[in-house]
Amino acid sequence: MVFGGVCPSVTSIIAESLQGWNLVQLSFAATTPVLADKKKYPYFFRTVPSDNAVNPAILKLLKHYQWKRVGTLTQDVQRFSEGNDVRIILGQFDQNMAAKVFCCAYEENMYGSKYQWIIPGWYESSWWEQVHTEANSSRCLRKNLLAAMEGYIGVDFEPLSSKQIKTISGKTPQQYEREYNNKRSGVGPSKFHGYAYDGIWVIAKTLQRAMETLHASSRHQRIQDFNYTDHTLGRIILNAMNETNFFGVTGQVVFRNGERMGTIKFTQFQDSREVKVGEYNAVADTLEIINDTIRFQGSEPPKDKTIILEQLRKISLPLYSILSALTILGMIMASAFLFFNIKNRNQKLIKMSSPYMNNLIILGGMLSYASIFLFGLDGSFVSEKTFETLCTVRTWILTVGYTTAFGAMFAKTWRVHAIFKNVKMKKKIIKDQKLLVIVGGMLLIDLCILICWQAVDPLRRTVERYSMEPDPAGRDISIRPLLEHCENTHMTIWLGIVYAYKGLLMLFGCFLAWETRNVSIPALNDSKYIGMSVYNVGIMCIIGAAVSFLTRDQPNVQFCIVALVIIFCSTITLCLVFVPKLITLRTNPDAATQNRRFQFTQNQKKEDSKTSTSVTSVNQASTSRLEGLQSENHRLRMKITELDKDLEEVTMQLQDTPEKTTYIKQNHYQELNDILNLGNFTEGTDGGKTILKNHLDQNPQLQWNTTEPSRTCKDPVEDINSPEHIQRRLSLQLPILHHAYLPSIGGVDASCVSPCVSPTASPRHRHVPPSFRVMVSGL
């Protein structure tokens, strides 16, 4: 039996030749993994663990901390690449190279809480102090080297067992260590002294077991009979060596295929010193981490790679709750307006403002409000499939709600425009059914666009991945934000079509508001409020779309902006439409339904007359009345023309028969005055019809041809064309024409005294009753 062998090159040569000499070799210091080849070195044993014995220990440590990806860095061959995102690094190099490696790690920032270095633990004590000079030559300061080294884990075999158990020698490992230190007499300690001590016990136990085997055999052979050619005795000694199993100062001494199953210790560099943090028992295949000794620079052990946590950016629940509460308040306000509109639908003010169209405006506003709830539902509330469905539903609801609200508003404004711009005085009856058809046509265009959109290029759920961000909590992970979007292939084209259609609709509304700005009935004229609504909605949509696009990576900000824009636009539109009506109905409902006529006074005669139009009503009942009034007005105009002609003839006869004047004055002056007085037009009890009481029709027996023969035989042409006759005709016809026709075009109120009467006219001709009630409508 050969005991010893330290240098790998010499030991390997000796171990290879042992089989020929029938000898067994036991080494206490040779750790090279080459000697572990049992086919080449079948008679080689060692009490010190091989360098490969640390691999099971390292593997156990990696499994303990769930490190599955590691990189290796060796002194001779580089097997580590920085581009592989390696966090756990296994190094195999000597202490001189270790200083250079850690200096390079400091420069590359490969240290700290995100990295873990595992290197050999067989370096000399305080090795970093010995290589400090060489490290400085590479421009690596001591503090930088220590910073990079902080936390590394060293792996090496345990020189002495830490268990306080009596060994085969009857001493505990601690007692043996004290005795060893006392006897070495100032000589430097060796890390292999415990393995050499256990090696002697291995030899003794092997020889004892071999002797027992020989004694029990029938050959009665002794151990002293050993020779280099006796392979049988050599085999007995080899088997006895393999059966070694006892507890020594270095731990449990057991061989497996000639390799020592020893104890591996783990040390960690903490605050410029190495601290034992655990050990691995190869016999039991167990890892023991000493409590509260191992320290990592982070809050937890580093990860074996960059952990990318994909985190969906969600809409904040408090924000969603606040905006939902505001939306509910808006819907309550819309419901209040709807109740007000239905309750007062028979009021003249509300009836003239088209209550059915008002209901559609409210419905459109409520649909717009409802879309806010859907815009706030993302992946944190619903599944992926449901989210994809919501993409389509919320687009439809918002689009239809917008068109319903503004389409109804513009439709009823178009009716006012169509009636008041009817310069030909033709019959104009526009019922609510026609307005509903107009709104339905607008919605049909919307539906065509949306259906084509859904059929050709439907909206789908897409997930956008952003660049990685550090964990706000300081954990060793990187967060990759994810954001859900509703998109399709040609999103820009479809949005352009929708925006173009809505823009044309807004321009149409602006045109109608401008055209009806001079309508003199407040209950019908919403042009000011329409203009304000279009302005506010347009500005808010432009601002909201721009800010929403810029903040698309921040879902909370984007949802807040979209929701506030919808709430503001819907609320301001409903308030502008209904609040003025509510105030007017509570204060002065009649003033809003009356026409604002212009009347002339003495101080206004120098000003230009302005045309004002009036209408009694625009709804269905008022339209029927308007038609009757127009027909009656036309009939009365024709009647007045006939009366003017008869009056002229009667006046001429009176002028040609002076002897009859006294008779006429006494008997028929009142009848003449009734004819000249156009106040016989009185309003009937039905509210719209007028009756002309013609005295001539009531007294057909009155005869004006009772003239003298001498007067009638005179040349009629000479009498009619005489200057006196012409002046008399003018003095009578001009006042009649003035009072009969000028009020019909808004020039002079029928109650005014005619400015056309000549001041020099005779009292008989200038006497015109001051009250002429002529009802002539501009429509």
Side-chain angles (χ1 to χ4, degrees), residues 85 114 303 305-327 368-399 402 453-454 457-500 502 537-570:
D85 187 30
K114 295 183 178 181
K303 306 298 180 181
K305 62 179 179 179
T306 302
I307 302 300
I308 301 176
L309 179 61
E310 293 187 343
Q311 190 176 77
L312 182 65
R313 287 184 174 176
K314 306 175 183 178
I315 294 177
S316 172
L317 183 59
L319 176 64
Y320 181 75
S321 302
I322 293 173
L323 293 176
S324 297
L326 293 177
T327 303
S368 299
Y369 280 129
S371 66
I372 297 177
F373 298 109
L374 303 181
F375 276 104
L377 297 177
D378 56 8
S380 60
F381 298 100
V382 298
S383 62
E384 296 181 3
K385 186 176 181 181
T386 305
F387 180 81
E388 192 167 295
T389 304
L390 289 177
C391 290
T392 302
V393 174
R394 68 191 188 187
T395 303
W396 282 55
I397 290 179
L398 182 60
T399 304
Y402 179 93
W453 189 350
Q454 182 65 23
D457 193 12
L459 289 171
R460 301 195 180 279
R461 176 184 178 270
T462 59
V463 178
E464 185 176 0
R465 289 174 168 82
Y466 293 90
S467 57
M468 291 185 295
E469 300 175 354
D471 180 40
R475 297 175 298 175
D476 185 20
I477 60 175
S478 296
I479 297 177
R480 184 186 296 277
L482 304 180
L483 191 58
E484 294 176 311
H485 294 294
C486 295
E487 293 182 351
N488 52 13
T489 307
H490 305 289
M491 188 73 174
T492 305
I493 297 176
W494 293 109
L495 288 179
I497 295 174
V498 173
Y499 290 158
K502 302 301 179 185
V537 171
I539 294 298
M540 290 302 298
C541 288
I542 293 174
I543 295 176
V547 178
S548 177
F549 177 78
L550 295 176
T551 59
R552 59 174 298 165
D553 58 337
Q554 303 177 26
N556 286 320
V557 178
Q558 187 181 43
F559 171 64
C560 182
I561 292 173
V562 171
L564 290 179
V565 167
I566 295 176
I567 292 174
F568 177 81
C569 293
S570 301

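Predicted model only: the values in this text are computed from it and were never measured.
Residues in residues 553-567 take part in no salt bridge (Lys or Arg N to Asp or Glu O under 4.0 Å) pair, two or more places apart or across chains. Counting only residues at least two apart or in different chains, salt bridge (Lys or Arg N to Asp or Glu O under 4.0 Å) contacts with residues 369-380 are absent.
In Lys502, the NZ atom is crowded: over 12 heavy atoms of neighbouring residues, nucleotides or ligands sit closer than 6.0 Å.
Here the closest non-hydrogen pair linking Ala563 and Leu323 is CB-CD1, 3.7 Å. What you find for Cys486 and Leu459 is that their closest heavy atoms are O-CD2, 4.0 Å. Nearest heavy atoms, Glu388 versus Arg461: OE1-N, 3.4 Å.
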Got a list of side-chain donor-acceptor pairs under 3.5 Å for residues 488-496, not counting sequence neighbours?
unit_1, atom_1, unit_2, atom_2, d
Asn488, OD1, Met491, N, 3.0
Asn488, ND2, Asp457, O, 2.8

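Put simply, the side chain of Trp453 reaches to within 4.5 Å of the side chain of Thr395, judged on heavy atoms.
Considering only residues two or more places apart in sequence or on other chains, Gln454 meets the side-chain hydrogen bond (donor to acceptor under 3.5 Å, both in side chains) condition with Thr392. Partners of Ser478 under the side chain to side chain contact (heavy atoms under 4.5 Å, CB included) rule, at least two apart in sequence or in another chain, are Thr306, Met468. Not counting sequence neighbours, Tyr369 has no partner by the ring-ring contact (aromatic ring centres under 6.0 Å, His included) test. Every residue was checked against the ring-ring contact (aromatic ring centres under 6.0 Å, His included) condition with Tyr499, not counting sequence neighbours, and none meets it. Residues satisfying the salt bridge (charged side-chain N to carboxylate O under 4.0 Å, His left out) criterion with Arg480, sequence neighbours excluded, are absent altogether. Applying the side chain to side chain contact (heavy atoms under 4.5 Å, CB included) rule to Ser368 yields the partners Leu398, Ile566, Ser570; only residues at least two apart in sequence or on another chain are considered. Residues passing the side chain to side chain contact (heavy atoms under 4.5 Å, CB included) test with Ile543, sequence neighbours excluded: Ile539, Val547. Among residues two or more places apart in sequence or in another chain, the side chain to side chain contact (heavy atoms under 4.5 Å, CB included) test is passed with Glu469 by Arg313, Pro481. In this structure, Arg394 has no salt bridge (charged side-chain N to carboxylate O under 4.0 Å, His left out) partners at least two apart in sequence or on a different chain.
The CG atom of Leu390 sits 13.5 Å away from atom CZ of Phe373, with the distance rounded to the nearest 0.5 Å. Phe381 contributes atom CZ, which lies 7.0 Å from atom CD1 of Ile315 (distance to the nearest 0.5 angstrom). The CZ atom of Phe375 sits 9.5 Å away from the SG atom of Cys391 when rounded to the nearest 0.5 Å. Once rounded to the nearest 0.5 Å, the distance linking CD1 of Ile322 with CG of Leu317 reads 10.0 Å. To the nearest 0.5 Å, atoms OG1 (Thr327) and CG (Leu564) are separated by 9.0 Å. If you take CD on Glu310 and CG on Leu312, they are separated by 10.0 Å, rounding to the nearest 0.5 Å.
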